Every structure is written in C-alpha cells, then in structure tokens.
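Down below is the structure, laid out as structure tokens.
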Amino acid sequence: MANDKIQARITLYNISEAGLYKRGEKAPIFGDLNIFLKDLKNWVSDKTLNKTCTYAFLDGDESKTFCYDIQEGTQGHYLLITWNKVSSFSNGVATVSGTSKVGEADIKTNNHNVDDIPGFPTYFWIMPDKNKLAAITFDYSQNGRQDLNRYLREFFGKLSGYVVSKVDDQGVKVVEHYKDPKETEIYKVLFGRFDAKLVVNPGKVQYLLNNWKDIRKVYRHNEMSISEMVKLPKIAILGKLIGMNQQPQKISPIKFKLEADVIFNSKEELQSVIDEWDKLDNPTKWENLGFGMLGNTQTPIWLAESRAIDTFDCPLQRDSKQIFKSKELVKWLDSITPKILKLEEKNEDN
C-alpha cells in the first residue's frame, strides 16, 4: 500500500427511515430522499456555517451539528460534510469560522476567534437511489452518524420544502402544516425521521450464539498503556476486554492483542456482550472483539467481519488548511461507488 495515500475507512448502511411520517406509521407520507437533500442544498446555499444547525434554536445543546458543505455527484448521490461542535477547545482541537460561507470554511487549530466553532468534520456519501449511506472517516475515529440522524430529521420536520410556516408576533417561526407544493392535500402534523442500520452478516453472530457453550477465549485489540496494564486485576482486564467497563486512560499507549480465557454462563450473557460492542458505531480495528472456539482458539471469529466496512486508498491531497476540496472528493466517491456497494455483497459471502 502506497505510503502517500490517505486511508479512507468506509462503513456501509441501509437507510431504514427517511422522510415525513404520521405518528406510529411505518410508511412515509413524503419519502423521496433526493428531494429532501436538494432542499437542504438550497437551504444552506445563502447561509454562513453558524446558521446551518437545524436544531440550535430549540435548545442550548453545546454538541451542535452544522452543514460544512453539501455537493451533488453525477449519479444523483450527495456528499454531505457535517461539522460537529465540541463543548470546549484547546490548541489541539480544530475550529472553523462560523461566519464563513458553507463550503468555504477553513479548518485551523490555533489563534481561535470569538466566532470560531471548535469541533471536527464528518463525511457521508448518501445514495438515495440505492437507499444506502456510506460513512467515511479519515483522521477521526468518530463518524458522527447519530448526529447526522438528528440533523436530518430536524431539517425534514421544520425546514424542508414540505413545511408551511409563519413567523409569530415574537419573531418565532411556527410550523402551520405540511403539504407537497404540487398538491392540495394538507397534513397538520408530521414527524421527520432519518435512520440507517449497519449492513451486517447475521450468520456470524448467530453462529456464536448457537455455539456459546464452545467459546473458550475472548480477544480484544485495543490501545492500553503499560502502567495501566500493571494496575488491572485479572477480572478488570476481562471487563475491559468485553467492553463492559470504561476505556483505560491512554498514557504512553502501545498496541497489542489482549486475550483472556472465558466461559459464558448463558446465551443471554454472550448476547449482552455483543450488544455492548454493537454500540460502537464505527469501531477501529483496535476495538475489534473476537471469540476463540473449543478446539480452535487460535483462529478467532471477529465481530467486525460481520460488518460491511473496508479501507480504501484515497488519492486526494488535503490543502494547507488540512481539508479536501469537496468537488474532488465527490468525483472520487463517484468513481468508487460500485466498490462501496460491493461491500454488501462481500459481507453476504462471509
């Protein structure tokens, strides 16, 4: 693998909900994701970045999400780059200027100004015609998908083209109803929804659950310091191993494979371990969890292999501000979309 290539880790999801729904209904009243994304692109086109949080005017949440940029590819797919604010910052945390135009904000790590927004970017390749979402990570371990869910569902419900609203006497925008601009039918109350589920191979997990009595070892890749390792009793090591306890503090970290003998008391106990690991939305390879079976403990069955995830060589270079040019990123993603979609086929074959 070439040393000059940037590594892009891509995780594939099935979009399970997208659009405006009646309460309790499974099918959307308005569910064309392509229309919603065009609405979002139009909505941010004349705004500065700090005006693009879709829920900032409802609460005082410091963990706000903004639209850093949105670009459409040649196949009707969209690159959506979000900027995820963190509550405080130091010289080691990136910022963008909140008064920059969407798509033109520089990222910097020093000389913070009052309008700067500390945080990190997250990248999403949304394919409405395939009902798929790809989360792309470069330098950041967090892929921000849960923040994306909130960002889009709030936009759908309050700011999309289906929303009919007015400004009241206090200057607050109030939603009156929902309707298709091309139709006459009115809906008084609809709810925005957006969610995506990991593309997984359920066969591997089911095999482990069916054979839980034969599991003899649990493996975990992680970063842990020598000083922390010495302090941990054996039971605490196992707790950290299966993801039930807090991560150790990273003091002079080294990478190694951690393993422990284990016998599960029930299928439900194993299921709880798998469920805890599943909460890691985008685990790194050092957070992978593996199980060694009776008679073959040295060939672990890794949970990450049940997910549609792979690493791609990205041929692009970031500029002096450490950002990609969005149009170049879109062009690259357009070119590798068939490979991204094949992650599902590869996953089914495992």
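Positions are given from 1, in the same order as the sequence printed here. Just the heavy atoms: all of them, side chains too, but no hydrogens, waters or symmetry mates, feed the values below. Bear in mind that the values here come from a model prediction, so they are computed numbers and not experimental data.
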Heavy-atom side-chain proximity of [X] to [Y] below 4.5 angstrom:
X: Leu148; Y: Leu80; answer: yes
X: Gln75; Y: Met127; answer: no
X: Phe124; Y: Leu133; answer: yes
X: Ser160; Y: Leu20; answer: yes
X: His77; Y: Pro128; answer: yes
X: Thr137; Y: Thr11; answer: no
X: Pro300; Y: Tyr219; answer: yes
X: Phe291; Y: Val262; answer: no

Note to self: Can you see whether Asp147 engages Thr122 through a side-chain donor-acceptor pair at a distance of less than 3.5 angstrom?
What the structure shows: no
Next item on the list: Check the side chains of Trp83 and Thr52 for a donor-acceptor pair under 3.5 angstrom, ignoring hydrogens and angles.
Entry: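 Result is no, nothing qualifies.
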Is there a path of hydrophobic side-chain contacts, each under 4.5 Å between heavy atoms of I/L/V/M/F/W/Y residues, joining [Y] to [X]?
X: Phe312; Y: Leu316; value: yes
X: Leu33; Y: Phe191; value: no
X: Ile29; Y: Val189; value: no
X: Val273; Y: Leu294; value: no
X: Ile6; Y: Ile81; value: yes

Would you call the rings of [X] and [Y] parallel, tilted or perpendicular, taking 30° and 60° as the class edges?
X: Phe194; Y: Phe156; result: perpendicular
X: Tyr162; Y: Phe30; result: parallel
X: Phe138; Y: Tyr123; result: perpendicular

Can you tell me how far [atom2] of [Y] sits from [atom1] of [X], rounded to the nearest 0.5 angstrom?
X: Arg307; Y: Trp302; atom1: CZ; atom2: CH2; value: 14.0 Å
X: Trp125; Y: Lys132; atom1: CH2; atom2: NZ; value: 15.5 Å
X: Trp212; Y: Leu270; atom1: CH2; atom2: CG; value: 9.0 Å
X: Lys267; Y: Asn210; atom1: NZ; atom2: CG; value: 5.5 Å
X: Leu12; Y: Leu341; atom1: CG; atom2: CG; value: 6.5 Å
X: Leu37; Y: Phe155; atom1: CG; atom2: CZ; value: 8.5 Å

Next item on the list: Compare every heavy atom of Tyr207 with every heavy atom of Asn211, then report the nearest pair and how far apart it is.
Entry: ND2-O, 2.8 Å
Margin query: Quick one, Ile336 with Leu333, criterion side-chain contact (heavy atoms from CB on, under 4.5 Å). Give me CA distance, side-chain angles, the key distance, then yes/no.
Written below: CA-CA 5 Å; Ile336 67 166; Leu333 289 168; 4.2 Å; yes
Check: Any salt bridge between Asp168 and Lys166, counting N to O under 4.0 Å?
Finding: no
Checklist line | NZ/NE/NH1/NH2 to OD/OE distance under 4.0 Å, Arg153 and Glu17 | finding: no
Using atom types as modelled and distance alone, determine if a side-chain donor or acceptor of [X] lies under 3.5 Å from a backbone N or O of [Y].
X: Asn84; Y: Phe120; value: yes
X: Asp39; Y: Gly161; value: yes
X: Gln271; Y: Leu209; value: no
X: Asn14; Y: Ser16; value: no
X: Arg150; Y: Thr65; value: no
X: Lys179; Y: Val164; value: no

Next item on the list: Output, in order, the C-alpha distance, side-chain angles, deciding distance and verdict of side-chain contact (heavy atoms from CB on, under 4.5 Å) for Glu72 and Lys38.
Entry: CA-CA 9 Å; Glu72 184 176 0; Lys38 285 185 183 296; 3.4 Å; yes
Over 12 non-hydrogen atoms of neighbours within 6.0 angstrom of [atom1] in [X]:
X: Lys217; atom1: NZ; result: yes
X: Lys47; atom1: NZ; result: yes
X: Lys130; atom1: NZ; result: no

